[in-house]
Amino acid sequence: MAWNYTTAQWITQNIATSASFRGVHAVTEKTVWASGSKGTIIKTSDAGAKWEVFTVAGAEKLDFRDIHAFDSKHAVIISAGEASEGAAKVYRTADGGVTWSLVFETQEKGVFFDGIDFWNKNEGIIFSDPIESRWYILKTTDAGKTWNRIASDNFALCKSNEAAFAASGTSMLTVGKQKAFICTGGTTIARVFKSEDLGQHWVAVDTPIPAGKTSGLFGMKFWDEQHGIAVGGDYLEVEKAVPNVAITQDGGKSWQLAQQTTPSGLKEGVDLYKKKILIAVGPSGTSFSSDFGKTWIMIDKSAFHAISIKGSGIWAVGGKGNIAQLNTKILGQ
């Protein structure tokens, strides 16, 4: 098998790469994709028994911060970085990662891609940091083969220095058939932007999470159209105990402060296991909650950037080639 037991909690995968990963997508219990630096993509089709490592041709210097996969053959990736320096690109594969087609690129000053998600097999969006105080958003209706910008006239204005963190691939989520959410930082308070019409209109809602140049909300998870959670912190002070969890029970119309995670500090990604256990990851360690954020229990201090759960498979990725699967016995499962 392609893993070893370094801790009782996380089963670290042995993969021949030193890339740092921030994008991960478990499509099924067996098929998992991850994207990272140095133009690197990895994939397993057998729950981690074997891993394939791909380098996107011509993209060796790009950092793929998010990935959305449809199955073991088809996936779309975005690179984070300044568009004016050639780092804002979107690629798609239809042969399991062997070859990748460049399906979108822009050199427009200020564009910096943060995340990608899909409502269904055809309709999806990509978003970038704001241009002239409004989000730069692309949409596809053909499974990522082509992308077009959505006119931003009906977007709520971003505040000065407000942006999103391309940290976990979950600073933007699609929910249900038409909703989408973006969580922010960079200004004085973290906010969540909400769309109910496939990204055509966006409104902004304040949260009780403080924000600053390096702090705010980093990742989200909704388990139905009404209930969701957002997590965050400060990426320069990753262990600093600050309010780092907010929850909504009304579809994002309002957000309430929830209990800080244990360990405290920056959490970048959060996901739900078996519809009842939240697991939050970040550079400060891993936490889980069995009561939807009211209380948290520390799993360990392992540092990860992103998490994706499908069935019994709980996968997290981080720096220096780190990808691991959680031993669910720690959750009492």
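Position 1 is the first residue of the sequence; numbering continues from there.
Atom CG of D71 sits about 10.5 Å away from atom NZ of K121, to the nearest 0.5 Å. Summarising the geometry, atom CH2 belonging to W33 is positioned 8.0 Å from atom CD belonging to E52; distances are rounded to the nearest 0.5 Å. A distance of 11.0 Å separates CD1 of I330 from CD1 of I277, quoted to the nearest 0.5 Å. To the nearest 0.5 angstrom, I42 atom CD1 is 8.5 Å from Q13 atom CD. In this structure, CD on Q226 lies 7.0 Å from NZ on K253, to the nearest 0.5 angstrom. Rounded to the nearest 0.5 Å, atoms OG (S171) and CG (L217) are 10.0 Å apart.
With sequence neighbours excluded, no residue forms a side-chain contact (heavy atoms from CB on, under 4.5 Å) with K213. Under the rule for a side chain to side chain donor-acceptor pair (under 3.5 Å), S35 has no partner lying at least two apart in sequence or in another chain. Taking the side-chain contact (heavy atoms from CB on, under 4.5 Å) definition, one finds that A303 meets it with nothing, sequence neighbours left out.
Looking at L62 and K89, their side chains come closer than 4.5 Å, going by heavy atoms from C-beta outward. When side chains are defined from C-beta on, T31 does not count as touching T44, because their heavy atoms never get closer than 4.5 Å. For the pair D114/I78, no side-chain contact is recorded, criterion being any heavy-atom separation below 4.5 Å from C-beta on. Side-chain contact between P263 and K301: present, with at least one pair of heavy atoms (C-beta onward) separated by less than 4.5 Å.
Without hydrogens or angle criteria, R22 side chain to A167 main chain gives a donor-acceptor distance under 3.5 Å. Checking side-chain atoms of D66 against main-chain N and O of I116 turns up a donor-acceptor pair under 3.5 Å. Between the side chain of D95 and the backbone N or O of T99, at least one donor-acceptor pair lies under 3.5 Å. A donor-acceptor distance shorter than 3.5 angstrom exists from the side chain of S284 to the backbone of S264, with no hydrogens or angles considered. Side-chain atoms of N244 come within 3.5 Å of backbone atoms of G265 as a donor-acceptor pair (strictly under, hydrogens ignored). Judged purely by atom type and a 3.5 angstrom limit, S152 has no side-chain atom pairing as donor or acceptor with the backbone of R134. Side-chain atoms of T28 come within 3.5 Å of backbone atoms of K30 as a donor-acceptor pair (strictly under, hydrogens ignored). A donor-acceptor pair under 3.5 Å is absent between the side-chain atoms of E85 and the main chain of A83, judged by distance alone.
Linking ILVMFWY residues whenever their side-chain heavy atoms come closer than 4.5 Å, directly or via other members, places I150 and W119 in the same cluster. One hydrophobic cluster, built from ILVMFWY side chains closer than 4.5 Å, cannot hold both F218 and I307; they sit in different ones. Under the 4.5 Å side-chain contact rule for hydrophobic residues, W255 and L173 share a cluster. Taking hydrophobic clusters as Ile, Leu, Val, Met, Phe, Trp and Tyr residues chained together by side-chain heavy-atom distances below 4.5 Å, I297 shares a cluster with L331.
Across every non-hydrogen atom of W10 and I314, the tightest pair is CZ3-O, 4.0 Å. Closest of all the heavy-atom pairs between G219 and C183 is N-SG, 3.8 Å. Closest of all the heavy-atom pairs between T12 and A324 is CA-CB, 4.0 Å. Considering every non-hydrogen atom in both G185 and A211, the closest pair reads CA-CB, 4.1 Å. The shortest non-hydrogen separation linking I131 to K109 is CD1-O, 3.5 Å. Scanning both residues, T170 and S168, for their nearest heavy atoms gives OG1-OG, 2.6 Å.
Applying the side chain to side chain donor-acceptor pair (under 3.5 Å) test to every pair with at least one member in residues 216-225, sequence neighbours left out, gives these pairs: K179-E225, K221-D271, D224-H227. Sorted by first and then second residue, the side chain to side chain donor-acceptor pair (under 3.5 Å) pairs with a member in residues 157-166 read E162-T184, E162-R191; sequence neighbours excluded. Pairs of residues two or more places apart, or lying in two chains, that qualify as side chain to side chain donor-acceptor pair (under 3.5 Å) and include a residue from residues 122-132 are N120-E123.
In this structure, F70 has its ring center under 6.0 Å from that of F118. A distance below 6.0 Å separates the ring centres of F193 and W135. Annotation: Y91 is in aromatic contact with F64 [ring centroid separation under 6.0 Å].
Ring geometry, W202 versus F155: the interplanar angle exceeds 60°, so the pair is classed perpendicular (tilted spans 30 to 60°). The aromatic rings of W315 and W51 sit perpendicular, their planes meeting at an angle over 60°, well past the 30° parallel limit.
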Practice task
Could you go through the side-chain contact (heavy atoms from CB on, under 4.5 Å) check for E108 and Y136 one step at a time?
Solution key: CA-CA 10 Å; E108 183 174 347; Y136 179 104; 3.5 Å; yes
Exercise for the section: Could you walk me through whether F222 and F181 pass ring-ring contact (aromatic ring centres under 6.0 Å, His included), step by step? Expected result: CA-CA 10 Å; F222 277 73; F181 298 87; 4.2 Å; yes
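Between the side chains of S101 and K145, not a single donor N or O lies within less than 3.5 Å of an accepting N or O. S195 and D197 share a donor-acceptor pair across their side chains, judged by distance under 3.5 Å alone. Side chains of S37 and D63: a donor-acceptor N/O pair is absent below 3.5 angstrom, by distance only. When only modelled atom types and interatomic distance are considered, Q259 and W296 share no side-chain donor-acceptor pair under 3.5 Å.
Heavy-atom neighbours of K139 NZ from other residues, nucleotides or ligands within 6.0 Å: above the threshold of 12. Within a 6.0 Å radius of CD in Q256, more than 12 heavy atoms belonging to other residues, nucleotides or ligands are found.
A side-chain contact (heavy atoms from CB on, under 4.5 Å) with V103 is found for exactly one of V90, T140, I77, namely V90. Each of I299, I309, D300, I11 was checked for a side-chain contact (heavy atoms from CB on, under 4.5 Å) with L326, and the lone residue meeting it is I299.
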